[in-house]
Amino acid sequence: MCQRAQEDYDSDVLGIALILAVQPAACQDLAVRALPGEPFAGQEVLVTWTLEIPPAHRARGLAQRFRRPLELPIEFSVGEPSSGTLTWRETDGIEVVRNGAVTRAVATGLEAPEEDLRVSLAATWTPREPGEFVLPPAVARYGLEAPDGGLRLGLGGALEEVAASVPAMRVTVRPVPESGRPLGYTGSVGRPTARWGEPEGLVLRLQVEDGRGGGPPRWDPGPGWEASGPVAGTRGLHVYTLRAAGPWSSVPRALAWPWFDPEAEQFRTLELALPALDLPPPPKADAPVPAALERSLLPILLAWAGVVVCYWWWDARPRTPLTP
């Protein structure tokens, strides 16, 4: 018997009693594919499940086994892997049921009844550590309308259930190489994506998304600039804030982000430099401020000059001769 869809997608209880659980005679297939086959720890893996429905089943018609009518009344059941989690990809495809809830899947061959109808689900999986792991088994089910003259009983007719399954798949996850790691490497696997926000005067924000387990490096933008952060966001998003800290003579130093390229199996560095922005010109440097010694000598010299003037005035005044 098929697993019931939750809430308003529950199967009709009376209809379940009329479903005949039979295994198909090798007329359709459910396949799972994981790319790449031997990923590195922290690498994003694309996993797809594809169900093939033959033209003969399409001609009979797929039965609506759920209270809510679906574009394709197909149900997928997929478990979680032994390491990491599956992140399902959103699509604008057709409605199906996945793990008890309505979702959308990609379908090809809808306009060609004489060909196989292929229905695919896709998810990304990111293993966090090296080792041997298991992608869970999966099952796809759908019902077929009863042939003419079949048992009907006024309850929508007898349904024949078709089920296809794939066993668990073992995947070998390799560690990121130790040799050749650049200085400051924090574990990024796969190229990070970055974007600059709109400048707010002389304040700019850089957002770097690295959802594959890597940590953000520190940023030293150089004289005249200061970088704060990064502030961690959701799904591996890191936000830096860059400010002009005073007069500057050049653009700030680029943020160097080391990462491991799993396809080439090489370490690389992403240079995130300030984009071409219409920034105001640097302010003119203020007049040099006297040193502390110069500031202390000035009042002393003025006082000494006053003493000299007073002495000269006292010495130059007319004198009255003294009489005996």
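Below, each value reflects all heavy atoms present in this structure, side chains not excepted, and no hydrogens, waters or symmetry copies.
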Student check: side-chain heavy atoms of [X] and [Y] closer than 4.5 Å:
X	Y	answer
Val119	Leu72	yes
Pro55	Asp116	yes
Val45	Pro127	yes
Leu144	Val162	yes
Thr50	Leu30	no
Arg268	Gln266	yes
Ile53	Ile74	yes
Gln64	Leu70	yes

Gap between atom [atom2] of [Y] and atom [atom1] of [X] - 0.5 Å precision:
X	Y	atom1	atom2	value
Arg33	Met169	CZ	CE	10.0 Å
Ile94	Leu110	CD1	CG	5.5 Å
Ser188	Leu270	OG	CG	9.5 Å
Trp196	Leu206	CH2	CG	4.5 Å
Glu226	Arg243	CD	CZ	6.5 Å
Asp210	Thr193	CG	OG1	8.0 Å

Worksheet item: Do Ser83 and Glu129 have a side chain donor and acceptor closer than 3.5 Å?
Response: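 Judged by distance alone, the side chains do pair up.
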Worksheet entry | Polar contact flag, side-chain donor to acceptor under 3.5 angstrom, Thr172-Glu132 |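 Side-chain D/A pair, Thr172 to Glu132: present.
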Closest non-hydrogen atom pair, [X] against [Y]:
X	Y	value
Ser179	Phe267	O-CE1, 3.5 Å
Glu271	Ala254	OE1-CB, 3.5 Å
Asn99	Ser77	OD1-CA, 3.3 Å
Gly222	Arg253	CA-NH1, 3.2 Å
Arg218	Leu255	O-CD1, 3.9 Å
Gln43	Pro39	OE1-CA, 3.4 Å

Shared ILVMFWY cluster between [X] and [Y], side chains joined below 4.5 angstrom?
X	Y	result
Val139	Val32	no
Leu46	Val166	no
Tyr142	Val106	no
Val231	Trp219	no

Worksheet item: Are Thr48 and Ser120 close enough, and set up right, to give a side chain to side chain donor-acceptor pair (under 3.5 Å), and what steps lead you there?
Response: CA-CA 7 Å; Thr48 57; Ser120 298; over 6 Å; no
Discussion item. Could you check whether atom CG of Leu183 has more than 12 heavy atoms from other residues, nucleotides or ligands sitting under 6.0 Å from it?
Written reply: no
Worksheet entry | Trace of the salt bridge (Lys or Arg N to Asp or Glu O under 4.0 Å) decision for Glu114 with Arg58 | CA-CA 9 Å; Glu114 70 282 358; Arg58 300 179 64 181; over 6 Å; no
Discussion item. Given the ring of Phe40, does Arg174 sit roughly above its face, with NZ or CZ under 6.0 Å from the centre of the six-membered ring and within 45° of the axis?
Written reply: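 Yes, Arg174 sits over the ring of Phe40.
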Worksheet entry | Face-on cation placement of Arg98 at Trp88 ring, 6.0 Å and 45° thresholds |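 Because its charged atom sits under 6.0 Å from the ring centre and within 45° of the axis, Arg98 does stack over Trp88.
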Worksheet item: Between Trp259 and Thr269, is a side chain to side chain donor-acceptor pair (under 3.5 Å) present by the stated rule, with each step listed?
Response: CA-CA 6 Å; Trp259 60 284; Thr269 300; over 6 Å; no
Do the charged groups of [X] and [Y] touch, with an N to O distance under 4.0 Å?
X	Y	result
Glu200	Arg205	yes
Glu160	Arg60	yes
Arg118	Glu52	yes

Worksheet entry | Check: Glu161 main-chain N/O paired with Arg65 side-chain donor or acceptor under 3.5 Å |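 Judged by distance alone, no pair lies under 3.5 Å.
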Worksheet item: Is there any salt bridge (charged side-chain N to carboxylate O under 4.0 Å, His left out) pair reaching into residues 80-93, and which pairs are they, with sequence neighbours excluded?
Response: none
Worksheet entry | Test side chain to side chain contact (heavy atoms under 4.5 Å, CB included) applied to Phe76 and Val97, step by step | CA-CA 6 Å; Phe76 289 88; Val97 171; over 6 Å; no
Practice prompt. Could you walk me through whether Glu44 and Thr126 pass side chain to side chain donor-acceptor pair (under 3.5 Å), step by step?
Written response: CA-CA 5 Å; Glu44 190 175 75; Thr126 306; 4.9 Å; no
Discussion item. Evaluate Val173 against Glu38 for side chain to side chain contact (heavy atoms under 4.5 Å, CB included), listing each step before the verdict.
Written reply: CA-CA 6 Å; Val173 178; Glu38 292 188 356; over 6 Å; no
Practice prompt. Dump the intermediate steps for salt bridge (Lys or Arg N to Asp or Glu O under 4.0 Å) on Glu75 and Arg141, then the final yes or no.
Written response: CA-CA 5 Å; Glu75 179 183 18; Arg141 297 182 176 91; 5.0 Å; no
Practice prompt. In sequence, state the C-alpha distance, the side-chain angles, and the governing distance for Trp125 and Val171, and then conclude on side chain to side chain contact (heavy atoms under 4.5 Å, CB included).
Written response: CA-CA 11 Å; Trp125 171 55; Val171 179; 4.0 Å; yes
Practice prompt. Please test Leu204 against Thr241 for side chain to side chain contact (heavy atoms under 4.5 Å, CB included), starting from the C-alpha separation and ending with a verdict.
Written response: CA-CA 6 Å; Leu204 301 100; Thr241 300; over 6 Å; no
